[in-house]
Amino acid sequence: MKDRYDFAECEPKWQKIWEDTGLHKVTDSDQTREKYYCLEMFPYPSGNLHMGHVRNYSIGDVVARFKTMQGFNVLHPMGWDAFGLPAENAAIKHGIHPYQWTESNIENMRMQLSRLGFSYDWDGQVTTCKPDYYKWTQWLFLQFYKAGLAYKKHAAVNWCPDCVTVLANEQVVNGACERCSTEVVKKDLAQWFLKITDYAQRLLDDIDKLQGWPDKVKIMQENWIGRSDGAEVNFRIDGTEETITVFTTRPDTIYGVTFMVLAPELPLVEKLTRGTPYEGAVQDFIRKMQTVSEIDRTSADTEKEGLFIGQHVINPMNGEKIPLFIANYVLMDYGTGCVMGVPAHDQRDFDFATKYGLQIRVVILPDGVPDKYVQLTQAYDAEGVMVNSGPFDGQNNEDAMKNITKYMEERGTGKPTVNFRLRDWLISRQRYWGAPIPVVYCDKCGEVAVPDDQLPVYLPTDVEFKPTGQSPLAECESFVNTTCPECGGPAKRETDTMDTFICSSWYYIRYCSPHDDRNAFTKSKVDYWMPVEQYIGGVEHAILHLLYSRFFTKVLKDQGLIDFDEPFTNLLTQGMVLKDGAKMSKSKGNTVSPEETVSQYGADTARLFILFAAPPERDLEWSDAGVEGAYRFLNRVWRLVYAYIDGLNESSGEEEITAADHETRRLTHYTIKKVTDDINLRFNFNTAISAIMEFVNGLYQYRDKNPVRNSAVEAEAVNTLVTLLAPFTPHIAEELWHQLGYTESVHKRSWPTYDPAALVQDEVEIVVQINGKVRDRMMMPAGFDKEAMVQYALDREGVQNLVAGKQVVKVVGVPNKLVNIVIK
RNA sequence: GCCGAAGUGGCGGAACUGGCAGACGCAUACGAUUCAAAAUCGUACGGGAAACCAUGGGGGUUCGAGUCCCCCCUUCGGCACCA
């Protein structure tokens, strides 16, 4: 025997054999077979795999291999999220075309993935930057367009000066670009949006359907969508017939309104002040606001600042004249951009009113506190009884909220409204390396969708890469100038490309029929494979990718293209891989290269360590010593199996079943149960692996202490061990399986089932406690009668001594577990 | 500020329904093997001389609490002037 597992020889050997024999080929010819779609988030082809990928894909591979062995028809695909900025930046910096850069990165990463032995069917690989994919991305865009869910509008949008492009709301983190952390500025541009807000309510409601998602992610989505219930109220502008509508969640406080505030950027502000003495000051204020960064502007700590603009509005409830302000703390894009100021019951309004000496009028009092004694030092935002509120005085404010809204609705001055924090999804990007938006502009016909038979709108290859803030496409004459599909006249193409999150919002559907060149997907295949049973990826996509994908799915359902409305039944968000307590990153210099680890210890060792070191949802601390440990364990398995093979004809006796044989069989079946449950029920790969380790330790003891062993028991144990290891460490398991004399792949085996009868123990240890402290132990037949067990414990000599002279107050017996004697 | 998760040996972690806290692994020490080393195998390994004390801290429920309840602290993640 070889005394060491030669991974350098075995791993490539088996990878080749699996590839040649098509072990991981997906077939969907027999759709009566129960399917299991196991999906991991596809990577951006940066050029190198990092440990986060290894973790993500190792987890997925265990699930895929396990489900396959359990008899499911498993779809386990892989592909590339291949559009995006780094490729274009490389083009600018090194003069290499994004396509080439991306292609060679894909090639390298695919090789790295292959070396890890993941069970992908590479024939189904999907690459989003290829025309056979982005053609359908464009086609899907047009489905949105035709349904009125894609539109172009002029808006103040988030602009990242470093990436020289606009960003979606979801891509702005604390006022900075999600990619490069550069501070985001506002820019006025005409941009394409998808109407995700039309789906806000359904995206919110259907969170309830996501039983298999972590609560954390569901809560994050819920907060992001941010539904709030309230009312719209119309205030007439004094001296005109025009009204200003505000959104409020507290219509019960309307009698407490003493001022009104508009967001400075509202066009209405300019209109109201034009030609008035206030115009200059207002313009100055607006300009000043524009110089303040988004972060400072929206921070809760920023001091409130505002300006009276010379106009008043009329409170529709009591006809009062209310001064109109603009202020930094009112946001342009939430609600209507207007806020009714109720300083007594809103802290922000309170701060503002205090600073500018505005009236503070209490309209809600905590029960039993008379009006005249109230001296507010801060806003009162809790419940109470209405005062100073005309006909609503004396009502509980909760009731008044409904009654006032109803009253306004009857008089046409307001109505109940729901408002969402979610904004429409800005999908235009002023960059080259993305899917072109398939729209042309014709002088005669206006905005025209590119017809299906003219798709794809190819990305031209002969473009100049300069970070100008305009898409390189805009300077590519041959691309821009085209003919109008409607009238045949000269027309110009849209030069913005799509946000790459569009590409990744439907790739999981493309995987079901990756070669379909007539449709975005083959309906029958999607019907079979979707939805995804298990999705695995990092929690950083909790909002962006996962929300967008849910949105896409719902739109496709509404268009009658698919029959399900949630794409991912179960979601596992894996933790980060840390080194020295921090996330691995080049800038911190604490990275560990998967390539080096694989060269040094092999793929099986790398996978085993990463699965063993922590449960999947938690962060994982990298440890080189831990990797050594995993390597040692695999060699320990290797030697154990070889010792068995070498001794096959020597010391195995057939005749008797000894206690040790019996115990070994019990351990074998216990391990099957434990590993199966840990994978299936809880994804606790770490405890599954430790159970296998205990199994190995037990088998070593069995050998060491029993020169004569039952051959059937030993054979079952060894075969089981190798089979249980197969999903975790596929190469060594395959090698050992063949060394054991089998010719078919271990990965084609059925997952073992345990014999419940084998788990039954004849004798169990009973702990005897006195006042909850362990004082004695005794062996008893399993299932022994409770009363008899308690009596037996009380009769024990050691127990008698401890109890002597004390009063036994109570005795608790738990069959097969313990006896607790309470004494005084 | 609001929402969420987590705090267990020197370290990573285990304890599934309230029932022997620290499984499994790492590190460390000692021993065996060896001319020697590596590798391997074995033993020990929370603190304390002991009674006992120990799961972030303090209360509580219970015969019994890492696990359930209340209060507090710390760390990490998300949101953050959202009207």
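Residue numbering restarts at 1 for every chain, and letters A, B, ... go by the order of the sequence lines.
When the side-chain nitrogen and oxygen atoms of A/R632 are compared with OP1 and OP2 of B/rA27, one or more of them lie within a distance under 4.0 Å. Residue A/T687 places none of its side-chain N or O atoms closer than 4.0 Å to OP1 or OP2 of B/rA15. Checking the phosphate oxygens (OP1, OP2) of B/rC52, a side-chain nitrogen or oxygen of A/R775 falls inside 4.0 Å. The side chain of A/N771 places no N or O atom within less than 4.0 Å of a non-bridging phosphate oxygen (OP1 or OP2) of B/rC63. Contact check, A/R636 against B/rC41: a side-chain N or O comes under 4.0 Å of OP1 or OP2. For the OP1/OP2 pair of B/rA80 and a distance below 4.0 Å, the side-chain nitrogens and oxygens of A/N223 include no atom meeting the criterion. Of the side-chain N and O atoms in A/R639, none sit less than 4.0 angstrom from OP1 or OP2 of B/rA39.
Listed nucleotides B/rC79, B/rC53, B/rC16 differ in distance to A/R682; the shortest reach to its side chain belongs to B/rC16. Which of B/rG64, B/rA83, B/rC20 sits closest to the side chain of A/N820 comes down to B/rG64. Of the listed nucleotides (B/rC63, B/rG4, B/rG13), B/rG4 has the atom at the smallest distance from the side chain of A/K216.
Figure legend: A/K304 and A/F352 shown without cation-pi pairing, the cationic atom not lying both under 6.0 angstrom from the six-membered ring centre and within 45 degrees of its axis.
Sorted by residue number, the members of residues 616-624 of chain A with any non-hydrogen atom under 4.0 Å from RNA chain B read A/R618, A/D619.
In this structure B/rC63 sits in a base pair with B/rG19, meeting the Watson-Crick or G-U test at under 3.5 Å. As the counterpart of B/rA29, B/rU43 is assigned, both hydrogen-bonding distances of the Watson-Crick or G-U wobble pattern falling under 3.5 Å. B/rC79 and B/rG1 make up a base pair, with Watson-Crick or G-U wobble contacts both under 3.5 Å.
Between the base of B/rC81 and the side chain of A/K304 there is a donor-acceptor pair shorter than 3.5 Å. Checked by distance alone, A/R777 brings a side-chain donor or acceptor within 3.5 Å of a matching partner on the base of B/rC20.
If you measure from atom CG of A/L640 to atom C1' of B/rU40, you get 14 Å, rounded to the nearest angstrom.
Using a 4.0 Å heavy-atom distance criterion, A/K674 is classed as a base contact. Here A/T302 lies in heavy-atom contact (under 4.0 Å) with a base.
Here A/Y700 contributes atom OH and A/R639 contributes atom CZ; the two are 4.5 Å apart, rounded to the nearest 0.5 Å.
A side-chain contact (heavy atoms from CB on, under 4.5 Å) with A/D349 is found for exactly one of A/V339, A/I360, A/T253, namely A/V339.
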N/O donor to acceptor pairs below 3.5 angstrom from side-chain atoms of residues 803-819 of chain A, sequence neighbours left out:
{"from": "A/N816", "atom 1": "OD1", "to": "A/G783", "atom 2": "N", "distance (Å)": "2.8"}

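Taking 90° from 0 as the syn/anti boundary, the base of B/rG9 is oriented syn.
Contact check on A/E265 versus A/K186 returns no salt bridge, with no Lys/Arg side-chain nitrogen under 4.0 Å from an Asp/Glu carboxylate oxygen.
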